[in-house]
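First up is the structure itself, then whatever we jot down about it.
A, B, ... follow the sequence lines: proteins, then strands. Residue 1 opens every chain.
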Protein chains: 2
Amino acid sequence: MIKRYDIFEWNRFLKPVPSMNEYRKGIMMRKKQTEKVTITDVAKAAGVSKTTVSRYLSGQYHALSDRTRTRIKAAIEQLNYRPNQLARGLKGDRSYLIGMIVADITNPYSTAVLRGAEDVCKRKGYSLMVCNTDNDPAKEREYIFTLQSHRIDGLLINTTGQNNGFLRELANDRTPVVLVDRKMPELGFDTIGLDNEQATSELVHFILNQGYKRIAYITEPLAGVSSRQERAAAFARELTRLGIPADDLYEVDLHSPESLMEKLDHFLTDTEGDKRAIIAANGVVMLKLISALQLKGVQIPGDVAVAGFDDPEWAPLIGSGITTVAQPTYQIGVTAMERIFNRLEGDTSPAQNIHFAGKLIVRGSTPAVD
Amino acid sequence: MIKRYDIFEWNRFLKPVPSMNEYRKGIMMRKKQTEKVTITDVAKAAGVSKTTVSRYLSGQYHALSDRTRTRIKAAIEQLNYRPNQLARGLKGDRSYLIGMIVADITNPYSTAVLRGAEDVCKRKGYSLMVCNTDNDPAKEREYIFTLQSHRIDGLLINTTGQNNGFLRELANDRTPVVLVDRKMPELGFDTIGLDNEQATSELVHFILNQGYKRIAYITEPLAGVSSRQERAAAFARELTRLGIPADDLYEVDLHSPESLMEKLDHFLTDTEGDKRAIIAANGVVMLKLISALQLKGVQIPGDVAVAGFDDPEWAPLIGSGITTVAQPTYQIGVTAMERIFNRLEGDTSPAQNIHFAGKLIVRGSTPAVD
DNA sequence: TTGTATGCGTTATCAA
DNA sequence: TTGATAACGCATACAA
């Protein structure tokens, strides 16, 4: 069942009609433009029919004489012809466009994935439409609409999890959807991300082995985001298994700095004098955490050890380096996009859930203590 | 005159024809898809003509009775209709797509600009096609082609400067082009970026005032990139003006780490015992620089002061913070995109060259020395 | 190996 | 206030 949104004006997603004045100007400008060259012009110049040119364009060389082929090629170059993807798409029901919806484009994780995804697209002759939602379900919804309007052939999404109805509708249509980092089992989509279970266990074990007795885990709100939940759960499980209470799991809202400060104060006073460590659930949290600790004058690792997920480029530079679990972000982007093309090429196998192993990178922020 | 590329196969930029096998599968899959709903379906459901629905879609409410309007709205929602932008674009010669070509999407500068650009696009009902060139002119060229094929309505580009012919052709057609960070006066395009002159002077002055006697400037290769050239020139000019030889301007290739190490060794031994500072020409160079200094065991600011451009999120966290000149990156993205829409709406004034002032942010890496 | 004719979904023109 | 129809540029079925 698709949720309805009453306040919904459909043309919010369409270009508004320009004022009459602008409109006229627009027309005038457009008249001035160099005559658009179409397949007909090429056909004329090459002395063949449109059909023949079309065959050339789609690489059906086996059906073309060498002479025709060279003449068409020459005509195309001479006229500076560019096939109109709008027309091709309309006719063939393919836009050669892939949508990518990310929660936060300024997060290095997202750009690294984007880079991998883009490389695959390029190889396949597709292009990426990139949308940034700021984790806002309303924005996400609007972007899904827009992308649908553009008839994207596939969608890579780092979803807020609040628009499952719309995503399902997309998929019903024809469009492969791949979830990045965040699972939604009920949607039955392919999913790509870190093996949070393994990565977290490994990190927690390492820290315990280094001799730390109290570990805090700081994460953004868990609600609705599977990767956060998986990491937090693995953290709690590992501690519990070893008989250590997993009390120090803190959810913080990064938009209100006090939130972090509060939790931090609590943990630091509570563990005064203990061998203690803090794990940040991702690169952004880690940045805020280190910033907060510096503000307080807390020494890393003297007063508290620190480790985190993602391996931002600056991790080696802070103090004697921050211990992290790195994700193969580029590879995640590549694999996600490959899933899309597999689906596009007819793969109808059940949804895959692809996990990549994280890699523990030990640096100075988590020295052994006795 | 447009340069020709002989090895040029046009369908490199088109989706290759799938094998016959894949093709059949594709067809079969497509048949399975939920019947696409078109404007005709909506018209039928609402009991009006396509024309009337089209009027509704483009917001020409003044030409619609209230009754018709509500019926159409209901039909659209009920059928889950999405206007086909491919068809709209083909008909109206507008794709509602803006291209954005960046040299390096993993550079935080690029994503910040992207974010600004995207916000404006969204407001206007446009979407962004994002392309990453890795500073490779060939890739850039291919992307320009692809974007042209998709009939983008505008282009934001951080150009390699090697494809001026192609860019000019784009502009000849009809498409507003705005250059970000890198100028190409001969192209006559609108240009947005930092006021490199002011920003650099301010930084250099500050460092000299702090008492440093020798200043090195480390930049990526200057050739063809105006922003690098402007900063380097301002650096040299400021020193010269004060009677200090500007010998220590180093161009390094970030792809070969030895390149940086070498220059660094040279400068550090040459200035042994002096009050000295190093300026990094952008955020990426700064990262590599700090990394190299740490590797050498050189203390910041004990052995050498450090400052740089861009203000990456990690700048406050390294040691007692790195002094930088921040750029209003988000604002740059917004302004660039606004230029595009102004042009689209008929502005035919001469090309504008918009400079934003940089903001010096003083931190611990450049303490006063006597 | 090549060409003719039709239609993809939409908007614009013209008429009512 | 509404509708019939043509056209946008291309790919395909079918014919030759």
Gap between atoms [atom1] and [atom2], on [X] and [N] respectively (whole Å):
| X | N | atom1 | atom2 | answer |
| --- | --- | --- | --- | --- |
| Gln85(B) | dC8(D) | CD | P | 20 Å |
| Tyr56(B) | dT2(D) | OH | P | 14 Å |
| Gln60(B) | dT10(C) | CD | P | 15 Å |
| Tyr61(B) | dT2(D) | OH | C1' | 17 Å |
| Arg94(B) | dG9(D) | CZ | C1' | 19 Å |
| Arg71(B) | dG3(D) | CZ | P | 10 Å |
| Ile72(B) | dT2(D) | CD1 | C1' | 10 Å |
| Asp93(A) | dT12(D) | CG | P | 12 Å |

Can you tell me if [X] uses its side chain to pair, donor with acceptor, with the backbone of [Y] under 3.5 Å?
| X | Y | result |
| --- | --- | --- |
| Ser149(A) | Arg82(B) | no |
| Arg174(B) | Ala171(B) | no |
| Asp153(B) | Thr175(B) | no |

Please check the phosphate of [N] (OP1 and OP2 only) for any side-chain N or O of [X] closer than 4.0 Å.
| X | N | value |
| --- | --- | --- |
| Thr68(B) | dT2(D) | yes |
| Arg88(B) | dT11(C) | yes |
| Ser65(B) | dT2(D) | yes |
| Tyr81(A) | dC10(D) | yes |

message: Would you say that more than 12 heavy atoms from the other residues, nucleotides or ligands in this model lie under 6.0 Å from the NZ of Lys139(B), or not?
response: yes
Could you work out which one of [options] sits closest to the side chain of [X]?
| X | options | result |
| --- | --- | --- |
| Ile39(A) | dA11(D), dT10(C), dT4(C) | dA11(D) |
| Ser49(A) | dT4(C), dT10(C), dC10(D) | dT4(C) |
| Thr52(A) | dA11(D), dG3(D), dT2(C) | dT2(C) |

Tell whether [X] reaches the base of [N] with its side chain through a donor-acceptor pair below 3.5 angstrom.
| X | N | value |
| --- | --- | --- |
| Arg55(A) | dG3(C) | yes |
| Thr51(A) | dT4(C) | yes |
| Lys50(B) | dA4(D) | no |
| Ser58(A) | dA11(D) | no |
| Lys91(B) | dT11(C) | yes |

What does [X] touch in the nucleic acid at a heavy-atom separation under 4.0 angstrom: a base, only the sugar-phosphate, or nothing?
| X | result |
| --- | --- |
| Val48(A) | sugar-phosphate |
| Thr38(A) | sugar-phosphate |
| Leu86(B) | nothing |

Parallel, tilted or perpendicular: ring planes of Tyr96(B) versus Tyr126(B), cut at 30 and 60 degrees: tilted
- request: Go through the steps to decide whether Glu169(B) and Asn80(A) satisfy the test side chain to side chain contact (heavy atoms under 4.5 Å, CB included), and finish with yes or no.
  value: CA-CA 9 Å; Glu169(B) 189 202 329; Asn80(A) 248 298; 2.9 Å; yes
message: Between Ala63(B) and Asn84(A), which residue's closest nucleotide on DNA chain D lies nearer the 5′ terminus?
response: Ala63(B)
